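Numbers restart at 1 for each chain; the letters A, B, ... are given by sequence-line order, proteins then strands. Please read all numbers here as calculations on a predicted model, not as lab measurements.
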Protein chains: 4
Amino acid sequence: MYFNIDPKKNVPLYEQIIHQVKEMCAKGLLKPEEKLPSVRELSSQIVINPNTVSKAYKELERQGVIMTIRGRGTFISEDFHFTHDPRKSEAIKQALKQAVIDSHYVGIEKEQVESWIEEFYQEIGGENRES
Amino acid sequence: MYFNIDPKKNVPLYEQIIHQVKEMCAKGLLKPEEKLPSVRELSSQIVINPNTVSKAYKELERQGVIMTIRGRGTFISEDFHFTHDPRKSEAIKQALKQAVIDSHYVGIEKEQVESWIEEFYQEIGGENRES
Amino acid sequence: MYFNIDPKKNVPLYEQIIHQVKEMCAKGLLKPEEKLPSVRELSSQIVINPNTVSKAYKELERQGVIMTIRGRGTFISEDFHFTHDPRKSEAIKQALKQAVIDSHYVGIEKEQVESWIEEFYQEIGGENRES
Amino acid sequence: MYFNIDPKKNVPLYEQIIHQVKEMCAKGLLKPEEKLPSVRELSSQIVINPNTVSKAYKELERQGVIMTIRGRGTFISEDFHFTHDPRKSEAIKQALKQAVIDSHYVGIEKEQVESWIEEFYQEIGGENRES
DNA sequence: GTGGTCTAGACCACT
DNA sequence: GTGGTCTAGACCACG
């Protein structure tokens with residue numbers, strides 16, 4: 001459970017938390033039913049306001065990635081199932097398109113992008129929670 | 001020069017303009033030295049505050065994508081060259097990673113992502129301005 | 001006496017117990033004077049903190065649904081009578097209104113809601129304790 | 001746009017706002033594309049913290065009831081479509097069941113409940129946004 | 001002007 | 001101990 005939060009990034013702190021939790025889940029570093037650090041714990045660990053951590057946890061719960069049990073804490077969902085939201089799907093496609101165009105302007109080759117994609121799927125691979 | 005701006009998206013309007021200009025350039029729909037609509041023209045065309053268009057143009061100029069000639073108007077740069085900024089490169093890699101993870105949570109298959117990437121490069125295709 | 005308690009719900013555990021006891025009473029599955037499991041029994045049966053069960057029993061007793069006889073245990077009241085509290089009545093009306101509005105937003109038809117209501121009253125049916 | 005918020009209720013303030021907006025929409029008192037009061041406006045009107053109003057608006061947006069346009073304000077969605085979430089559906093059914101059981105304990109007759117339901121649908125009727 | 005993010009600190013309900 | 005709610009007040013990005 002090591003978080004790497006950077007307040008200098010223009011990505012909101014709570015989103016950085018969301019991203020990292022999802023990444024750790026996807027990579028199998030966090031297993032279903034595993035306990036996450038409590039709001040207060042994590043907030044003091046990464047020196048951030050508890051409300052900010054809470055906001056991230058709430059959003060993760062809304063997405064079905066984690067679940068909270070009253071008085072006991074927060075845990076990785078054991079019964080995650082895909083959303084298949086067409087709006088999100090479209091948003092992701094746009095994000096990919098934008099990344100490709102931006103990469104083109106920075107002089108990154110197509111092969112580089114494809115190898116990155118391959119690399120990301122390697123990291124997830126095999127550990128896929130649905131398998 | 002058809003812009004597709006949607007104020008309901010959570011992407012800032014000025015960024016949407018930037019994205020679309022860059023996309024059109026990458027696809028060859030806008031050629032070097034081609035004239036862009038004036039701030040006033042564009043702002044009335046897409047019903048938007050002129051300041052917003054101005055902000056987008058300023059940023060595009062800063063990135064070297066377009067250039068303004070006083071009294072003549074705004075044009076696509078003819079001498080654009082890649083930046084190779086390692087920070088931007090890293091940011092793009094992170095964006096790609098996040099898109100891959102998010103797609104995983106929405107139930108999008110690896111093949112779908114790869115086909116999208118291929119599709120985007122097809123669109124840019126032989127029209128690459130520096131080829 | 002089968003309880004179905006789910007700590008993942010956002011309904012407090014002690015309220016879930018209260019609901020289920022009242023439901024079983026209303027359906028006639030628990031008859032007046034019938035003995036309830038002791039706090040310890042129930043808390044170990046549904047794997048829950050004894051304090052939580054105790055809290056539920058206290059509230060049920062306050063509402064007159066059950067009664068505790070020191071040294072003998074806890075029993076369903078035989079002399080329950082309606083409260084006719086106008087504030088509770090209003091609260092229930094509001095809850096129903098909210099459920100109707102929410103159902104509308106989820107796309108549930110009026111007929112579905114009415115059939116559910118009918119179903120619930122069927123379950124309570126001729127077993128009404130004061131009939 | 002009259003809100004009736006009561007801090008003494010045990011329903012959270014932001015939920016009361018959510019309920020009332022949804023109710024006004026369902027009744028046709030708020031039309032699609034209509035502007036809602038700004039966060040600051042509403043918060044000063046009902047003497048509440050802006051963050052609380054913001055939280056309510058965020059949740060309403062998540063549910064697709066309203067939409068926010070950057071720098072312009074918050075508006076009723078014109079393209080609302082049902083969610084058909086089976087989990088929400090089940091939650092609503094449970095809420096209805098609980099209301100029926102509670103009403104039974106307060107001495108409310110079946111006919112009274114049914115007449116309330118009918119009344120609520122009368123208020124919504126005809127003005128249904130999807131018609 | 002709009003909403004979005006973050007902080008600091010308080011109080012409460014639940015277990 | 002846990003998370004949930006609310007307040008007060010600050011700063012920022014966007015239009």
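Note: D:Y57 and D:Y14 fail the aromatic proximity criterion, with ring centroids not under 6.0 Å apart.
Considering only the side chain of A:T52, E:dC6 comes nearest among E:dG3, F:dG15, E:dC6. Proximity note for D:N49 (side chain, C-beta onward) versus F:dC6, F:dT7, E:dG4: the nearest is F:dT7. For D:S38, whose side chain is taken as the heavy atoms from C-beta onward, the closest listed nucleotide among F:dC14, F:dT2, E:dG3 is E:dG3. Among the nucleotides F:dG15, E:dT2, F:dT5, the one closest to the side chain of D:R70 is F:dG15. Side chain of A:L13, nearest nucleotide from E:dT7, F:dG3, E:dC14: E:dT7.
For D:K55, a side-chain nitrogen or oxygen approaches OP1 or OP2 of F:dT5 to under 4.0 Å. D:Y14 has a side-chain polar atom (N or O) that falls below the 4.0 Å cut-off from OP1 or OP2 of F:dT5. At the phosphate of F:dG3, neither OP1 nor OP2 sits under 4.0 Å from any side-chain N or O atom of A:K35. The phosphate of F:dT5 (OP1 or OP2) has no side-chain N or O of D:K9 nearer than 4.0 angstrom.
Contact of the B:Q63 side chain with the B:E59 side chain is registered, since non-hydrogen atoms from C-beta on lie closer than 4.5 Å.
Nucleotide F:dC12: paired with E:dG3 (Watson-Crick or G-U wobble, both distances less than 3.5 Å).
The residue among D:P50 and D:R40 whose nearest nucleotide of DNA chain F is located toward the 5' end is D:P50. Remark on DNA chain F: of its neighbouring residues A:S54 and D:G71, the 5'-side contact belongs to A:S54, judged by nearest-heavy-atom nucleotide.
Side-chain to base pairing of A:N51 with E:dG9: one donor and one acceptor N or O lie within less than 3.5 Å of each other.
Note on A:E78 versus C:K8: salt bridge recorded, some NZ/NE/NH1/NH2 to OD/OE distance being below 4.0 Å.
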